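Both counts, for ligands and for their atoms, begin at 1 and track the order of listing. Keep in mind the model is a prediction, meaning the values are calculated, not measured.
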Amino acid sequence: MIKKYIRKILGINKTDAAGNNMEPDTLSPKQHGIDPVLLSNNAIRVTKTLQDAGFKAYVVGGAVRDLLLGVKPKDFDIATNATPEQVKRLFRRAFIIGKRFQIVHVMFGQDLLEVTTFRGPASGESPKDEHGRVLRDNTFGQHHEDAVRRDFTINAMYYDPATQTVLDFHGGMADIRKKILRIIGIPEARFREDPVRMLRAVRFAARLQFTIDPATAAPIAVMAPLINNVPSARVFDEMLKLLLSGQALACLKRLRSEGLHHGLLPLLDVVLEQPMGEKFITLALAATDERVKLGKPVSPGFLFASLLWHQVLEKWTAYQAAGENPIPALHLAADDVLDTQSDKLAIQRKIGSDMRDIWAMQPRFERRIGKSPYKLLEHPRLRASYDFLLLRCASGEIDAEIGAWWTSFMAADGNEREVLLTAKPRNAATPAGAAKRGASRGGRGRKKIGGSTESAQ
Ligand code: ATP
Ligand code: MG
């Protein structure tokens, strides 16, 4: 205690052989200001059970960061020195997950808490790919080692609900106060070990409105292409987190302002370069952010369908220009875009099929005659596809009249619908480039749209 006090006065902390801080700053409630009301009862239950059994246990990571920022965490991760087997024995509904590094899912009703045993640092012997990405580092470790292998200083703090103290190994509290996102350790090395940390840096900075520390930000532009070596399923998960953060638009703006959207987010390279595509995506993400903020569900299928629409549109137009009929051309375009993307991002099958449905519905909104609009009303994807249609109108891609017509048609009763149908709506939904060509082909294109649409149901 006295030694620690002297070290503190002298400004030196005890470090291990690798130079990592071994003794954290201990912050009292007065110093950290966490409101205990924001803590979940289940998080308290898990830490208490572990502590009563003689183990160390803390709330860790994003939850502590959010608590310090006065935000109610959306989930709680727990770090402990108990092994997964020891954790599992203490809870009625606990499941060991993962093959290489095992963690425990503790369930209380629908609430899931992730309990992780302290991890050791990535050692020189950890297997790596040819670019230096660590493939496995699954050793258990000491508390201070667990802190050093976390990504950012603000994500490496531990909260003990019993004593209401925060343990801070890397100056996270000071960075929270200064609103700085700083990686722990040498930035180049940490990004090389795991390039996904670059995406995380942008996501946290945008979401929390923090500045990325210059030393942390500097290597990102050069190292961004390393993302391409990360398994696509992981990039997809991280992208989804970014897009569902409630600050998707801010995240993308940040990526662009840092010159990061090249390589870092392959699917956006092309789209953001076109003014029309940019407008469409901006509107789509603003709508998504709004839904997230209101706590409404957001469909990943809708989100990715929006992000990739202008790529589909370009190919759709090209296939039609090459003589393909509109509906088969749209399906070919969708196949092309989904195939290309699946190399980079493992879009899950269900999400891919949602995207395809939303795209395939678009030409059907054009057919405002006979029974077609009524059939569309019964389609399970109507709502998402209609929202998508409205985005196309708002971005200037198609005539706003068609969106307004559908808004009226959906809200109308039987008689009003008949009136709307006989009011002879204009043909307005063909993609910009194809519209002129479509017009010169007259009825031929329209007939085919109808024909193929029936078979696509
Ligand atoms: P969110 O609120 O978005 O969930 P989070 O910080 O909780 O943010 P998670 O992905 O849930 O993010 O990760 C939990 C914690 O695990 C992080 O706070 C960080 O300490 C650690 N962590 C996650 N991913 C990495 C990584 N790639 N490298 C190092 N540490 C990581
Ligand atoms: Mg989290």
Side-chain angles (χ1 to χ4, degrees), residues 20 24 38-40 42-43 58-80 97-98 100-101 103 105 111-122 126 132-138 141 143-159 166-172 175-176 181-210 216 220 223 226-227 229-231 233-248 250-251 292:
N20 302 315
L38 295 176
L39 217 68
S40 95
N42 290 333
Y58 303 92
V59 174
V60 68
V64 183
R65 177 198 67 220
D66 290 347
L67 287 169
L68 288 168
L69 291 167
V71 176
K72 194 172 176 60
K74 62 176 163 38
D75 47 38
F76 287 85
D77 294 332
I78 311 294
T80 178
I97 306 290
R100 291 203 305 256
F101 189 90
I103 60 169
H105 280 177
D111 196 13
L112 181 150
L113 289 96
E114 226 171 75
V115 183
T116 311
T117 306
F118 292 147
R119 288 197 199 188
S126 305
R133 186 170 65 84
V134 173
L135 299 173
R136 273 192 305 283
D137 68 32
N138 301 321
H143 190 173
H144 72 278
E145 292 172 326
D146 186 82
V148 84
R149 51 152 295 143
R150 291 184 180 272
D151 46 8
F152 303 102
T153 60
I154 60 166
N155 283 349
M157 288 183 276
Y158 300 76
Y159 180 65
V166 168
L167 302 184
D168 179 5
F169 287 86
H170 295 285
D175 285 343
I176 289 244
L181 190 80
R182 191 192 313 272
I183 203 155
I184 297 170
I186 300 164
E188 285 85 351
R190 300 305 308 283
F191 292 141
R192 194 168 292 284
E193 277 169 11
D194 182 7
V196 163
R197 290 174 185 147
M198 293 186 272
L199 274 179
R200 292 174 62 85
V202 170
R203 170 160 69 93
F204 290 128
R207 189 173 114 197
L208 306 171
Q209 289 161 356
F210 274 34
T216 300
I220 296 184
M223 298 184 83
L226 289 180
I227 291 279
N229 309 316
V230 177
R234 191 146 176 250
V235 178
F236 181 78
D237 283 351
E238 208 45 54
M239 271 281 293
L240 206 53
K241 281 193 186 180
L242 189 145
L243 295 169
L244 298 178
S245 66
Q247 293 288 347
C251 284
V292 172

task: Tell me which protein heavy atom sits closest to atom 3 (O) of ligand 1, plus the residue, atom name and distance to 0.1 Å.
output: R203 NH1, 2.7 Å

- request: Pick one of side chain, backbone, both or neither for how M198 approaches ligand 1, counting any non-hydrogen atom pair under 4.0 Å.
  value: neither

message: I'd like to know if K72 pairs up with D66 as an ion pair, taking the criterion as any Lys NZ or Arg NE/NH1/NH2 lying under 4.0 Å from an Asp or Glu carboxylate oxygen.
response: no

- request: Tell me which part of K74 gets within contact of ligand 1: side chain, backbone, both or neither, using heavy atoms under 4.0 Å.
  value: side chain

- request: Have a look at ligand 1 and work out which part of N155, if any, has a heavy atom under 4.0 Å from it: side chain, backbone, both or neither.
  value: both

query: Is the closest N or O pair between G62 and ligand 1 shorter than 3.5 Å?
result: yes

- prompt: What is the closest protein heavy atom to atom 19 (C) of ligand 1, and at what distance does it sit?
  reply: D151 OD1, 3.4 Å

Interfacing atoms of ligand 1 (cut-off 4.0 Å, heavy-atom, R234): 27 (N)

message: Could you identify the single nearest non-hydrogen protein atom to atom 27 (N) of ligand 1 and state the distance to 0.1 Å?
response: D194 OD2, 2.7 Å

query: Should the pair F118 and H143 be assigned to parallel (<30°), tilted (30 to 60°) or perpendicular (>60°) ring geometry?
result: parallel

Shortest protein heavy-atom distance from atom 24 (N) of ligand 1, along with the residue and atom involved: R200 CZ, 3.2 Å

- request: Could you tell me whether F152 and H170 have their ring centroids closer than 6.0 angstrom?
  value: no

- prompt: What is the closest protein heavy atom to atom 21 (C) of ligand 1, and at what distance does it sit?
  reply: R150 NH1, 3.6 Å

task: For K241, counting its heavy atoms only, list the atoms of ligand 1 lying under 4.0 Å from any of them.
output: 9 (P), 10 (O)

field: Separation between CG of L69 and CD1 of I176, rounded to the nearest 0.5 Å
entry: 4.0 Å

Per-atom contacts of ligand 1 with R197, taking only distances under 4.0 Å to non-hydrogen atoms: 26 (C), 27 (N), 28 (N), 29 (C)

Atoms of ligand 1 close to R207 [distance to a heavy atom under 4.0 angstrom, numbered from 1]: 1 (P), 2 (O), 3 (O)

- request: Begin from the C-alpha positions of H144 and F169 and carry the test ring pair (Phe, Tyr, Trp, His ring centres under 6.0 Å) through to its verdict.
  value: CA-CA 7 Å; H144 72 278; F169 287 86; 7.2 Å; no

message: Any heavy-atom pair between the side chains of R133 and E193 that's under 4.5 Å?
response: no

message: Could you tell me, atom by atom, which parts of ligand 1 come under 4.0 Å of a heavy atom of R149?
response: 29 (C), 30 (N)

- request: Below 4.0 angstrom from a heavy atom of R65, which ligand 1 atoms are there? Numbered from 1 as shown, please.
  value: 1 (P), 2 (O), 5 (P), 6 (O), 8 (O)

message: Please check if the number of heavy atoms outside L112 that lie under 6.0 Å from its CG is greater than 12.
response: yes

- prompt: How does F204 reach ligand 1, by side chain, by backbone, by both or by neither, if only non-hydrogen atoms under 4.0 Å count?
  reply: side chain

query: So which protein heavy atom does atom 14 (C) of ligand 1 come closest to, and at what separation?
result: D77 OD2, 3.5 Å

- prompt: Any ion pair linking R150 and D146 (charged N to carboxylate O, less than 4.0 Å)?
  reply: yes

field: I154 versus D175, closest heavy-atom pair with distance
entry: CG2-CB, 4.0 Å

query: So, R149 and D194, do they make that salt bridge, N to O below 4.0 Å?
result: no

Subset of ligand 1 atoms that lie under 4.0 Å from at least one heavy atom of G61: 18 (O)

